[in-house]
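Heads up, the thing below is written out as structure tokens.
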Amino acid sequence: MGHLDHAAFGWLTPVLSYVMACIGAALGLRCTMRALGTTGRTRRNWLLTAASAIGTGIWTMHFVAMLGFAVSGTDIRYDVPLTVLSLLVAMAVVSAGVFAVGYSRDRTRALFIGGLTTGLGVASMHYLGMAAVRLHGDVHYEPVRVALSVVIAVVAATAALWAALNIKSPLAVTVASLVMGAAVSSMHYTAMFAVSVHVTPSGAPLPGATAMQFIFPLAVGLGSYLFLTSAFVALSPTTGEREASASAQRQVQSLAR
């Protein structure tokens, strides 16, 4: 049995992964709030941005945390196509949940369906990412902890969508993002504590890419996307600000006449 280390770099990867989850959650909530105040193509664009932010934040959180994952007695590699597929799954299921909430007239029903769909999708993303792990040995999962991680994912997703519908103030968004980041991180580490590895020593080369060769550059790129999109959203005027500006312009024009 190989010894598993979930924080090979100390607190760096757990803290950084939590920060990425919080940023993705905060950005997704702000974009969903913007979407609910608009209609038509503008709403669709804001919802797409929200889904990409939350999906990217969840995926980045997972694989930043995985940078600290190590097993004694074997190297670790990652299957590139499966890893990319896990990112696409995260984006797709979050989009389904966000759009269900953004367009449904029965928001209670949409919240239930969207939360369940998104939570199961987040869990699928995690275990698909774990399926991409290549090492000398066999990976096993403890069923009760796996089930618990799925429950946490569904609850976290439902809470995120509920917050998007009900939270308005910037302070509340910040608090909700911190809670959601903690929930996503809890799901990840609960799932990781369900893992055990039976190592089979071998000198054969492992297929796939190392975390630093592939996952680290991709995580940095996606993290940069989150920061840049956050800046765009912060600088973009809200619906109220646009209405106030339009009203002020009309008043100036009426005075000029």
Side-chain angles (χ1 to χ4, degrees), residues 1-24 55-90 121-153 156 181-226:
M1 189 73 69
H3 172 72
L4 276 61
D5 190 345
H6 298 287
F9 298 104
W11 284 100
L12 177 62
T13 49
V15 170
L16 184 56
S17 63
Y18 171 68
V19 169
M20 299 310 298
C22 291
I23 292 174
T56 299
I58 292 171
W59 187 93
T60 305
M61 177 271 145
H62 170 77
F63 279 102
V64 167
M66 289 301 291
L67 291 173
F69 178 64
V71 181
S72 61
T74 177
D75 293 330
I76 295 177
R77 299 288 186 272
Y78 293 88
D79 182 280
V80 173
L82 274 179
T83 302
V84 173
L85 180 60
S86 70
L87 172 59
L88 298 179
V89 167
V122 169
S124 299
M125 178 278 299
H126 174 91
Y127 288 105
L128 189 58
M130 287 302 297
V133 173
R134 299 289 179 263
L135 48 74
H136 292 303
D138 299 311
V139 178
H140 303 280
Y141 295 93
E142 201 277 307
V144 173
R145 290 181 180 176
V146 169
L148 180 58
S149 71
V150 174
V151 171
I152 293 173
V184 172
S185 296
S186 297
M187 177 268 163
H188 171 84
Y189 285 105
T190 298
M192 292 307 296
F193 288 139
V195 174
S196 61
V197 177
H198 180 76
V199 175
T200 304
S202 172
L206 288 165
T210 67
M212 289 301 176
Q213 286 174 336
F214 173 64
I215 294 175
F216 180 71
L218 187 57
V220 169
L222 293 174
S224 300
Y225 163 77
L226 287 177

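Residues take their numbers from the sequence shown, with the count starting at 1.
- Residues passing the side chain to side chain donor-acceptor pair (under 3.5 Å) test with Thr210, sequence neighbours excluded: Gln213.
- Distance check, rounded to the nearest 0.5 Å: CG of Leu135 to OG of Ser202 gives 11.5 Å.
- Between Pro14 and Ser17 the shortest heavy-atom distance is O-OG, 2.8 Å.
- Residues Leu4 and Val195 share a closest heavy-atom pair of CD2-O, 3.4 Å.
- Closest approach of Leu206 to Ile76, counting heavy atoms only: CD1-N, 4.3 Å.
- The minimum heavy-atom distance linking Gly68 with Phe9 is given by the pair CA-CD1, 4.0 Å.
- Atom CE of Met212 sits about 5.5 Å away from atom CG of Leu67, to the nearest 0.5 Å.
- In this structure, the separation between CE on Met66 and NE2 on His6 is 9.0 Å, given to the nearest 0.5 Å.
- Residues Phe63 and Thr83 come closest through the heavy atom pair CZ-CG2, 3.8 Å.
- Residue pairs meeting the side chain to side chain donor-acceptor pair (under 3.5 Å) criterion with at least one partner in residues 57-68, sequence neighbours excluded, are Trp59-Ser86, His62-His126, His62-His188.
- Taking both residues in full, the closest heavy atoms of Ala209 and Val80 are given as CB-CG2, 4.1 Å, listed atom of the first, atom of the second, then distance.
- For Leu148, the side chain to side chain contact (heavy atoms under 4.5 Å, CB included) partners two or more places apart in sequence, or in a different chain, are Ile152, Thr190.
- In this structure, the separation between OH on Tyr18 and OH on Tyr189 is 13.0 Å, given to the nearest 0.5 Å.
- How far OG1 of Thr56 is from CE of Met61: 14.5 Å, rounded to the nearest 0.5 Å.
- With sequence neighbours left out, the side chain to side chain contact (heavy atoms under 4.5 Å, CB included) criterion links Ala8 to Asp5, Ala70.
- Side-chain atoms of Val184 and Met20, non-hydrogen and from C-beta on, never get closer than 4.5 Å to each other.
- A search for salt bridge (Lys or Arg N to Asp or Glu O under 4.0 Å) contacts involving Arg77 returns nothing, not counting sequence neighbours.
- Applying the side chain to side chain donor-acceptor pair (under 3.5 Å) test to residues at least two apart or on different chains, the pairs with a partner in residues 139-153 are Tyr127-Ser149.
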